Number of protein chains: 2
Amino acid sequence: MIQNISEHDRENLQESLAKSGQKVTPQREVVFSVLLAKRDHPTVDEVFHRARETMPGLSLATVYNCLQTFVGCGLIRQVNHERESTRYCPNLAPHAHFRDAATGRVHDIELPPEVIQSLRSILPPGFDPEAIEVSFHGRALAGDAHPTL
Amino acid sequence: MIQNISEHDRENLQESLAKSGQKVTPQREVVFSVLLAKRDHPTVDEVFHRARETMPGLSLATVYNCLQTFVGCGLIRQVNHERESTRYCPNLAPHAHFRDAATGRVHDIELPPEVIQSLRSILPPGFDPEAIEVSFHGRALAGDAHPTL
DNA sequence: GAGATGTTTTGAATCATTCTAAATGGAGAA
DNA sequence: TTCTCCATTTAGAATGATTCAAAACATCTC
Ligand SMILES: [Mn+2]
Ligand SMILES: [Mn+2]
Ligand SMILES: [Zn+2]
Ligand SMILES: [Zn+2]
């Protein structure tokens, strides 16, 4: 599944990196394209194996470096559940995560502004949130009626 | 700060353990009392050091064992933020956590039923949550106006 | 080309957590 | 009482994700 990045995505990558004085490299491009190709919240190891199909010499440390860089640029988000390996998500819209107990798969769940507002409203005065994380854990009925959005 | 457990709390411990065929031991009692004494979401290492003030021979492995046992019994909850060390919380009421970026402290935030309902409502049909986790990260204005509830 | 700078690579180090196997201790049977 | 059984505790080794350190590479400028 060798996948190329679209012109639009490459520009997005280029500009986001440029904002913090960093450059597009072949490794970064491959890692980014892996994230865009299958938005299933892969772990570092999964990204590593997928990226190696395109670039066999790529090292694990570089995958860690790239992902960290992208998170720093705001290109992707980290997703943690309990103490499992960190997963990565290129969906920048506000959303929650649902981890299916049966399959281990992580689904994106849209988080509407009014729900975010209701969450903010429970904070006593003086609490100023920079980030809000919502995650569900349970069973999701088979039928892949809900592709990772 | 050697702390004794109340009769009420000891019964709670005894009955919860009994439900899964387990017994109160001196170690379990000390670890449980540490959690009740200061409800500040301590890490395993913090529990370990506090418990050792009362029981100097206590081992780290036992602290891990006790905490795992208590989580299994539903006596306490695990609290994770990103990939930091797991923290433990004896507050069984539905609540969210706010991690203060400045101090690292974790505060309990009450989660009213209507907010929980609004969170459930964003799930598409077929998603059946067993657990919902909400966590905030940001600044909390000094004044300890909000003791861990 | 030489120097500067940022990036990648390898392998070692870190650190929370789990595992293993040996010791301990209490409850009940003999 | 002494013996047996069984859960629990203990010390230390193992695990596994992540980070770190230092050398190799690339690219750019002078
Ligand atoms: Mn692998
Ligand atoms: Mn320590
Ligand atoms: Zn996502
Ligand atoms: Zn709590």
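So that the names make sense, note that chain A is the first sequence line, chain B the second, and so on, each numbered from 1. We use all heavy atoms of the structure for the numbers below, so side chains are in, but hydrogens, waters and symmetry mates are not. What you see is a predicted model, and the numbers here were worked out from it, not measured in a lab.
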- prompt: Is B:Glu82 touching bases, backbone alone, or none of the nucleic acid, heavy atoms closer than 4.0 Å?
  reply: nothing
- request: Determine the contact category for A:Thr86: base if any of its heavy atoms lies under 4.0 Å from a base atom, sugar-phosphate if only primed atoms, P, OP1 or OP2 are that close, otherwise nothing.
  value: sugar-phosphate
query: Considering only D:dA17, C:dT8, D:dT8, which nucleotide approaches the side chain of B:Arg28 most closely?
result: D:dT8
- prompt: When we call it a touch if two heavy atoms are under 4.0 Å apart, what does B:Gly57 touch: a base, just sugar-phosphate, or nothing?
  reply: sugar-phosphate
statement: Whole-Å distance, B:Leu67 CG to C:dA16 C1', equals 13 Å
- prompt: What is the distance, rounded to the nearest whole Å, between atom OH of A:Tyr64 and atom P of D:dT18?
  reply: 4 Å
message: Of the options D:dT8, D:dC20, C:dT7, whose atoms approach the side-chain atoms of A:Ala61 most closely?
response: D:dC20
- prompt: Over how many whole Å does the gap from B:Arg83 atom CZ to C:dT14 atom C1' extend?
  reply: 13 Å
Atom-pair distance (CG on A:Leu60; P on C:dG11), nearest Å: 12 Å
- request: For the side chain of A:Ser59, starting at C-beta, report the closest nucleotide among D:dT18, D:dT10, C:dT10.
  value: C:dT10
message: Check whether A:His8 reaches the backbone of A:Ser6 with its side chain - one donor and one acceptor, N or O, closer than 3.5 Å.
response: no
field: Length of the line joining B:Met55:CE and C:dG25:P, which is rounded to integer Å
entry: 12 Å
- prompt: Among B:His41, B:His107, B:His81, which residue meets the side-chain hydrogen bond (donor to acceptor under 3.5 Å, both in side chains) test with B:His97?
  reply: B:His41
- request: Compare all side-chain heavy atoms of B:Glu82 with those of B:Arg99 and state whether any distance is below 4.5 angstrom.
  value: yes
- request: Taking the side chain as every heavy atom from C-beta outward, state whether B:Glu133 and A:Glu133 have any pair of such atoms under 4.5 Å apart.
  value: no
Within-4.5 Å side-chain heavy-atom neighbours: A:Phe136 and B:Ile122: yes
Spacing between B:Phe48 atom CZ and C:dC15 atom C1', to the nearest angstrom: 15 Å
DNA chain C: 5'-proximal contact among A:Thr25 and B:Lys23 (nearest heavy atom): A:Thr25
field: Residue A:Thr62, side-chain heavy atoms: nucleotide from D:dT19, D:dT10, C:dT9 that is nearest
entry: C:dT9
- prompt: Which whole-number value in Å describes the distance from B:Gln78 CD to C:dT18 P?
  reply: 8 Å
task: Report which part of the nucleic acid A:Glu84 touches: base, sugar-phosphate, or nothing (heavy-atom distance under 4.0 Å, all strands).
output: nothing
query: C:dT7 C1' sits how many Å from A:Leu17 CG, rounded?
result: 12 Å
- request: Look at the side chain of A:Gln68 and decide which nucleotide, out of C:dT7, D:dT18, D:dT19, has an atom nearest to it.
  value: D:dT19
